[in-house]
Novice: 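Below: one structure in structure tokens.
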2 protein chains.
Amino acid sequence: MRSLDNHLCFALYAASRAMTAGYRGPLSELGLTYPQFIAMVVLWEADGVTVSELGERLQLDSGTLTPLLKRLEQAKLVARQRNADDERELIVTLTDEGHALQHKANDISEQVFCRTGLEESHAMQMLGDLHDLTARLRNTPSI
Amino acid sequence: MRSLDNHLCFALYAASRAMTAGYRGPLSELGLTYPQFIAMVVLWEADGVTVSELGERLQLDSGTLTPLLKRLEQAKLVARQRNADDERELIVTLTDEGHALQHKANDISEQVFCRTGLEESHAMQMLGDLHDLTARLRNTPSI
DNA sequence: ATCAATCATATTGTGCACAATCTAATTGTG
DNA sequence: CACAATTAGATTGTGCACAATATGATTGAT
């Protein structure tokens, strides 16, 4: 029988929540939650994407993204408009205010990274391991 | 500027959700959610603990645990009773049914672990890395 | 013994996650 | 063209997470 400390799932769950907590303070000064922040990271990379493209990148569905994007819209960080060529699609675009936030947000990322005390190379290795693990879990059809 | 793929926070967040998703199917057959499952893991280790002891182990507060434990009580997996010596404390105990679930749950842990395709030694290394990371994030007083 | 301070848990409110379902727009096939 | 099937998002409902606050029990200082 595995103890709690022997469960990789719990180590991930705890680390993820600790990381989110690390971002919470700095992000609150920008008026962002952590999930809103990662949505903005995607938009800073590629502006003017559909909700489903955003969802594919973040692995989040419309049930999560629709209200989140509405809040970002209310905060005037993004605009949401239907694609004229296909009215089913909703295009999410950064506002000037949304673009302007990128520098501050980048500082926060570096700040939190420093707090982890990780060597860049060690972080890259963990990044790779986590990426592989995620891919394997996604590719295994449940049995 | 870091891309989404360069954010360790996102790698953790995505891996954690993928792992939870991996447990979802098997656990649903036991009528458990993932957070309920890890609470049960702690109780299988040490029965008859207070809510705050459980919370310390899981790093979850009463706002999360109180309703979760009520659902486990409704499912007849745990009993909740006040400590007669200090009525502020609530003692959580496994029922026979709760104890009986341990074997099935352990099978699920092993099953999901196999799905990750990880060598035991690699998993142990990741476990250690994640543990360290979590500890560092917790110990850094926000600046 | 009294009562302010502390402590353990519960409650409330906000914002995710995600399953299930719904609606409206588009596409493919006869 | 007609219309079933598909697609993109939105909505609804449940269950976390977590901050803030409330409630009730206990402790400690006078």
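Given the structure is predicted, the values throughout are model-derived calculations rather than measurements. By convention in this document, chain letters (A, B, ...) are assigned in the order of the sequence lines, proteins followed by strands, and residues within each chain are numbered from 1. Atom set for the values below is all heavy atoms of this structure, side chains included, hydrogens, waters and symmetry mates excluded.
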Novice: Is the shortest side-chain N to carboxylate O distance from A/E73 to A/R80 below 4.0 Å?
Specialist: yes
Novice: Look at B/R2 together with A/E120 and state whether they make a salt bridge at an N to O cut-off of under 4.0 Å.
Specialist: yes
Novice: For the pair made of CG in A/D86 and P in C/dG28, what is the distance, rounded to whole Å?
Specialist: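 A/D86 atom CG is separated from C/dG28 atom P by 12 Å.
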Novice: Quick check for you: among C/dA8, C/dA17, C/dA25, whose closest atom lies nearest to any side-chain atom of B/E89?
Specialist: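 When the side chain of B/E89 is considered, C/dA8 is the closest of C/dA8, C/dA17, C/dA25.
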Novice: How about B/Y23 and A/H7: are their ring centres within less than 6.0 Å of each other?
Specialist: no
Novice: Respond yes when some side-chain nitrogen or oxygen of A/R82 is under 4.0 Å from OP1 or OP2 of C/dT26, and no when none is.
Specialist: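 Checking C/dT26 against A/R82, no side-chain N or O comes under 4.0 Å of OP1 or OP2.
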Novice: Using atom NZ of A/K70 as one end and atom P of C/dG15 as the other, report the distance to the nearest whole Å.
Specialist: 13 Å
Novice: Ignoring hydrogens and angles, answer whether the base of D/dA8 and the side-chain atoms of A/S62 contain a donor-acceptor pair closer than 3.5 Å.
Specialist: no
Novice: Can you name the residues that form a ring-ring contact (aromatic ring centres under 6.0 Å, His included) with B/F113, not counting sequence neighbours?
Specialist: none
Novice: Assuming nearest nucleotide by heavy-atom distance, tell me which of A/G63 and A/A84 is located more 5' along DNA chain C.
Specialist: A/G63
Novice: In whole Å, what is the span from the CG atom of B/L60 to the C1' atom of D/dC16?
Specialist: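 Going from CG in B/L60 over to C1' in D/dC16 covers 9 Å.
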Novice: Counting side-chain heavy atoms from C-beta on, which of D/dG15, C/dT9, C/dA17 comes nearest to B/R17?
Specialist: C/dA17
Novice: Please report, rounded to the nearest Å, how far the P atom of D/dT14 is from the CG atom of B/L72.
Specialist: 18 Å
Novice: In whole angstrom, what separates B/F10's CZ from C/dC16's P?
Specialist: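 Whole-Å distance recorded here is 15 Å.
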Novice: In whole Å, what is the span from the CD atom of B/E56 to the P atom of D/dC18?
Specialist: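 Spelled out: CD on B/E56 to P on D/dC18 is 15 Å.
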Novice: What's the closest nucleotide to the B/D61 side chain, out of D/dA19, D/dA25, C/dT9?
Specialist: D/dA19
Novice: Of the nucleotides D/dA17, D/dC16, D/dT26, which has the atom closest to the A/Y13 side chain?
Specialist: D/dA17
Novice: Is it the case that D/dT26 (base atoms only) and B/R88 (side chain only) share a donor and an acceptor within less than 3.5 Å, ignoring hydrogens and angles?
Specialist: no
Novice: Answer with base, sugar-phosphate or nothing: what part of the nucleic acid does B/N83 contact at a heavy-atom distance below 4.0 Å?
Specialist: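 Contact class for B/N83: none.
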